Amino acid sequence: DAKQQGRNTWHWYKGDEQRATEEAVRLRHDLHYALQHEQFELYYQPIVDAVSGRTRGLEALVRWHHPERGMISPGVFIPLAEQTGQIIPLGRWVLMRACQDAAVMQAANMRMVPVAVNISSLQFRREGFIEDVLQVLDETKLPSEFLELEVTESVLLDGAEKAIALINQLKDIGIRVALDDFGTGFSSLSYLRDLPIHKIKLDRAFIQDIVSDRNNAAIVQGVITMAHHMGLVVVAEGIEAPEQQQDLVRRCCDLLQGFLFARPMPRDAILSLPDVLPSE
Ligand code: C2E
Ligand code: MG
Ligand code: MG
Ligand code: MG
């Protein structure tokens with residue numbers, strides 16, 4: 001009967017919830033171990049010129065090779081690492097590894113393109129972040145023009161002034177900052193006026209059905225036009241179909257990123273991309 005069913009449903013719900021909590025507790029614990037045992041790897045995904053398809057940049061995306069569970073998505077473990085504070089050592093590891101890899105690419109005489117590193121807001125706003133960046137550049141001897149940082153609107157959470165000051169400091173060092181997942185946050189447009197960023201990355205949510213949804217297409221067109229008037233570069237994320245590329249080329253989007261061009265791949269696969277190999 002209904003009462004019985006209701007109770008069963010409740011039991012199932014509780015079971016799932018409990019499992020999810022236990023899983024998170026375990027992963028948070030494993031994360032600590034993983035940091036000390038080098039279970040992380042950086043993959044790189046090309047960011048290409050919208051018209052020519054030529055590689056113009058690489059985005060570093062962290063991967064966790066869990067000994068029992070296989071590959072775990074950053075969409076799962078980055079939020080956990082943010083809860084525990086482990087995002088700080090993990091973020092530092094990512095930054096160091098990305099700059100080391102970029103230095104290797106430079107030594108391999110590749111056509112150099114900037115490497116973009118995702119920075120959690122916690123890491124970004126933490127005391128000493130700029131010093132960490134400077135130290136990594138110094139240790140790896142990577143010229144600052146080859147490092148880009150991707151931050152999200154959440155860097156604005158405790159006031160725009162601090163974020164503006166930090167981005168200006170990075171700019172002075174020669175590091176460009178991109179605003180990631182643009183359009184998915186809750187901030188007003190007015191902050192765009194004051195943030196000294198270089199680039200906007202339009203979230204995949206707007207790109208997915210750009211060809212069929214007129215409202216999404218209108219938003220994308222509006223953002224591109226606005227960004228260009230502000231002197232910003234626009235990247236569209238999550239391009240999977242040629243029709244999406246055609247649409248975005250028509251709308252004058254500058255750069256594209258997505259499975260249509262390349263999936264994220266290990267460093268050594270990047271090193272053998274014909275597009276970035278040294279021209280003899
Ligand atoms: P993001 O920075 O917006 O990165 C883009 C995500 O979209 C990546 O997922 C990428 O694999 C995926 N993607 C690229 N092209 C396509 C496409 O054509 N179709 C679809 N469906 N997906 C595409 P990934 O690697 O799973 O990373 C997810 C998120 O985790 C990232 O989103 C970023 O917010 C975070 N993340 C990844 N690596 C790091 C890191 O080193 N540090 C920090 N703080 N966050 C990271
Ligand atoms: Mg990103
Ligand atoms: Mg993004
Ligand atoms: Mg995204």
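Only a predicted model underlies this, so the values are computations on that prediction, with no experimental measurement involved. Remember, it's 1-based here, ligands and their atoms both numbered in the order they're listed.
When distances from the Mg ion (ligand 2) to the N, O or S atoms of Glu150 are compared, OE1 comes out shortest. Summary: OD2 is the N/O/S atom of Asp180 found nearest to the Mg ion (ligand 2). Here the N, O or S atom of Glu237 that is nearest to the Mg ion (ligand 3) is OE2. Checked against the Mg ion (ligand 3), the N, O or S atom of Asp181 at the shortest distance is OD1.
Draw a line from the Mg ion (ligand 2) to OE2 of Glu59 and another to OD1 of Asn118, and the angle between them is 90° (to 10°).
Looking at Gln244, its side chain does come within 3.5 Å of a backbone N or O of Glu240 through a donor-acceptor pair. Within the 3.5 Å criterion, the main-chain N or O of Pro266 finds no donor-acceptor partner in the side chain of Arg63. No donor-acceptor pair under 3.5 Å is formed between the side chain of Asp203 and the backbone N or O of Thr184. Using a distance-only test at 3.5 Å, with no hydrogens or angles considered, a donor-acceptor pair links the side chain of Asp254 to the main chain of Val234. Counting only distance, with no hydrogens or angles, the side chain of Glu82 and the backbone of Ile87 share no donor-acceptor pair below 3.5 Å.
Using bins of under 30°, 30° to 60° and over 60° for the plane-to-plane angle, the ring pair Trp64/Phe77 lands in the perpendicular bin.
Interface atoms of ligand 1 facing Pro264, defined by a heavy-atom separation under 4.0 Å, are 11 (O). Close contacts between ligand 1 and Asp180 involve ligand atoms 1 (P), 2 (O), 3 (O) [criterion: under 4.0 Å to a heavy atom]. Annotation for ligand 1: atoms under 4.0 Å from non-hydrogen atoms of Ile239 are 18 (O). Contact atoms of ligand 1 toward Glu240: 17 (C), 18 (O), 19 (N), 20 (C), 21 (N) (distance under 4.0 Å to a heavy atom of the residue).
Here the shortest heavy-atom distance to atom 41 (O) of ligand 1, taken over Leu256, Val94, Val151, belongs to Val94. Checking Ala98, Ser120, Ser73 against atom 44 (N) of ligand 1, the nearest heavy atom belongs to Ser120. Nearest to atom 45 (N) of ligand 1 by heavy-atom distance, out of Asp203, Ile119, Asp181, Asn118, is Asn118. For atom 36 (N) of ligand 1, the candidate residues are Pro74, Ala60, Pro46; the nearest heavy-atom contact is made by Pro74.
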Determine, step by step, whether Phe261 and Gln45 satisfy the side-chain contact (heavy atoms from CB on, under 4.5 Å) criterion, reporting the C-alpha distance in whole Å, the side-chain angles of both residues, the deciding distance to 0.1 Å, and the verdict. CA-CA 9 Å; Phe261 308 102; Gln45 186 180 30; over 6 Å; no

Run the side-chain contact (heavy atoms from CB on, under 4.5 Å) test on Leu195 and Leu156 for me, step by step, so that the C-alpha distance in whole Å, both residues' side-chain angles and the decisive distance to 0.1 Å come before the verdict. CA-CA 10 Å; Leu195 277 185; Leu156 295 158; 4.0 Å; yes

Please step through side-chain contact (heavy atoms from CB on, under 4.5 Å) for the pair Ile210 and Phe206, ending with a clear verdict. CA-CA 6 Å; Ile210 187 173; Phe206 297 107; over 6 Å; no

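Contacts with ligand 1 closer than 4.0 Å are made by heavy atoms of both the backbone and the side chain of Leu61. Contact annotation: for Glu237 versus ligand 1, heavy atoms closer than 4.0 Å belong to the side chain alone.
Ligand 1 lies nowhere less than 4.0 angstrom from a heavy atom belonging to Gly91. Residue contacts with ligand 1 include Arg63, since one or more of its heavy atoms lies under 4.0 Å from the ligand. The shortest heavy-atom distance from Glu59 to ligand 1 is under 4.0 Å.
In terms of polar-atom proximity, Phe259 is counted as a contact of ligand 1, with an N or O under 3.5 Å from an N or O of the ligand. Residue-to-ligand polar distances place Gln45 within reach of ligand 1: an N/O pair is separated by less than 3.5 Å. Looking at ligand 1, you'll find an N or O of Val62 within less than 3.5 Å of one of its N or O atoms.
Under 4.0 Å is where a charged nitrogen must lie from a carboxylate oxygen, and between Lys201 and Glu59 at least one such pair does. Salt-bridge check for Arg251 with Asp247: passed, with a basic side-chain N closer than 4.0 Å to an acidic carboxylate O.
A donor-acceptor pair shorter than 3.5 Å can be found between the side chains of Gln100 and Arg97.
His32 has its side chain out of reach of Thr84: every pair of non-hydrogen atoms, C-beta onward, lies at least 4.5 Å apart.
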